[in-house]
Each structure stands twice: as structure tokens, then as C-alpha cells.
Amino acid sequence: MKRFTIMAVSIAALLFLPVIASAKEGVINSKGEWSVAPTFEEVKDTGGFYAATLGDSPANQSWGFIDQRGKWVMKPQFSYVGSFAANGVIKPQYAWVRKFSPAGFAVVGVH
């Protein structure tokens, strides 16, 4: 009996794996209507725009930013993205930047 149970679970996992692996992400409004169609591998709310990627694996992902309708405002070109900061934009010059503190300072890494 154990052998059958293990086999049934394995077969069920194989049957449902393609559905989970091919899931796409989008954005809905408060009425449950699509404002951004589910065409992206991953979408993150970044506090203004949405970060989105089309890459099918972490090694193949480039992130960009889309607006509330799903139009690219910044084409995919980044290996990692965080939240948009409302306190201005600085010239890209650091390897990474952490969140700005309420006092306006951020920890950064250099190349």
C-alpha cells in the first residue's frame, strides 16, 4: 500500500508542476479587473511604478519598470531592483544602495 501512495503523489506532482511553472503575473485593480495583463514572469510593487521581468530563470532575468497599464517606462536592464524612492534620483555610480533613512542617508557599496 505504501508503494501505491508514493507513486500517486509523484504522479500528481508531475501533473501539476507545468501549471505552476508557467504561471504569469500581472496587476488587478480593486474591482478585480486586470490593469496589467498577466504576461510577466514576476511583478513587484515598488511604490509608484511596478518592477517587472520577462526572464524565465534568475540567471536569465533583467528587470525594468512598467506603469499602471503595463507599458515599459524603463526597459529591462537591471539584475536587481528595489523600491522607488520619492526623495530624488542620483546618477548610477554604486554597486548597490540600501533604503534611505528618514534623515536622508543611505548605505552604499562601491565597485
Side-chain angles (χ1 to χ4, degrees):
M1 188 65 163
K2 279 186 183 177
R3 190 177 205 177
F4 176 73
T5 304
I6 292 170
M7 187 182 302
V9 170
S10 298
I11 291 171
L14 289 174
L15 290 174
F16 292 108
L17 184 62
V19 174
I20 295 169
S22 65
K24 300 288 184 182
E25 294 186 7
V27 179
I28 60 170
N29 63 21
S30 60
K31 296 178 184 176
E33 304 163 332
W34 291 108
S35 59
V36 175
T39 58
F40 302 96
E41 293 301 318
E42 192 173 346
V43 177
K44 297 179 187 179
D45 184 359
T46 62
F49 293 112
Y50 296 99
T53 183
L54 297 172
D56 57 359
S57 70
N60 190 28
Q61 284 183 337
S62 289
W63 289 88
F65 291 91
I66 56 174
D67 64 15
Q68 290 81 7
R69 295 184 318 261
K71 304 292 181 201
W72 291 109
V73 294
M74 192 174 294
K75 298 277 186 200
Q77 57 188 301
F78 306 104
S79 59
Y80 172 81
V81 295
S83 297
F84 256 90
N87 56 349
V89 177
I90 57 174
K91 178 183 172 189
Q93 56 190 304
Y94 304 105
W96 51 266
V97 179
R98 292 201 179 128
K99 266 186 153 177
F100 278 86
S101 71
F105 297 97
V107 176
V108 301
V110 294
H111 298 279

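Summarising the hydrophobic clusters (Ile, Leu, Val, Met, Phe, Trp, Tyr; side-chain heavy atoms under 4.5 Å, direct or chained), the residues clustered with W34 are I28. If you chain together ILVMFWY residues whose side-chain heavy atoms come under 4.5 Å of each other, F40 ends up grouped with V27, V36, V43, Y50, L54, I66, W72.
Residues satisfying the side-chain contact (heavy atoms from CB on, under 4.5 Å) criterion with Q61, sequence neighbours excluded, are E42, T53, W63. In terms of the side chain to side chain donor-acceptor pair (under 3.5 Å) criterion, residue partners of E33 (sequence neighbours excluded) are, by chain and number, N29. The salt bridge (charged side-chain N to carboxylate O under 4.0 Å, His left out) check on D45 picks up nothing, with sequence neighbours excluded. Listed by chain and number, the residues in a side-chain contact (heavy atoms from CB on, under 4.5 Å) with A103 are S101, F105 (sequence neighbours excluded). When the side-chain contact (heavy atoms from CB on, under 4.5 Å) test is applied to A106, the partners found at least two apart in sequence or on another chain are V97, F100.
With contacts defined as side-chain heavy-atom distances shorter than 4.5 Å, the pair E41/K24 qualifies. Using a 4.5 Å cut-off on side-chain heavy atoms (C-beta onward), Y94 and V110 make contact.
Atom CZ of residue F65 and atom CD of residue Q77 lie 9.5 Å apart, to the nearest 0.5 angstrom.
Residues in residues 59-70 take part in these salt bridge (Lys or Arg N to Asp or Glu O under 4.0 Å) pairs, two or more places apart or across chains: D67-R69.
In plain terms, the two heavy atoms of S62 and P76 that are nearest each other are O-CB, 3.5 Å.
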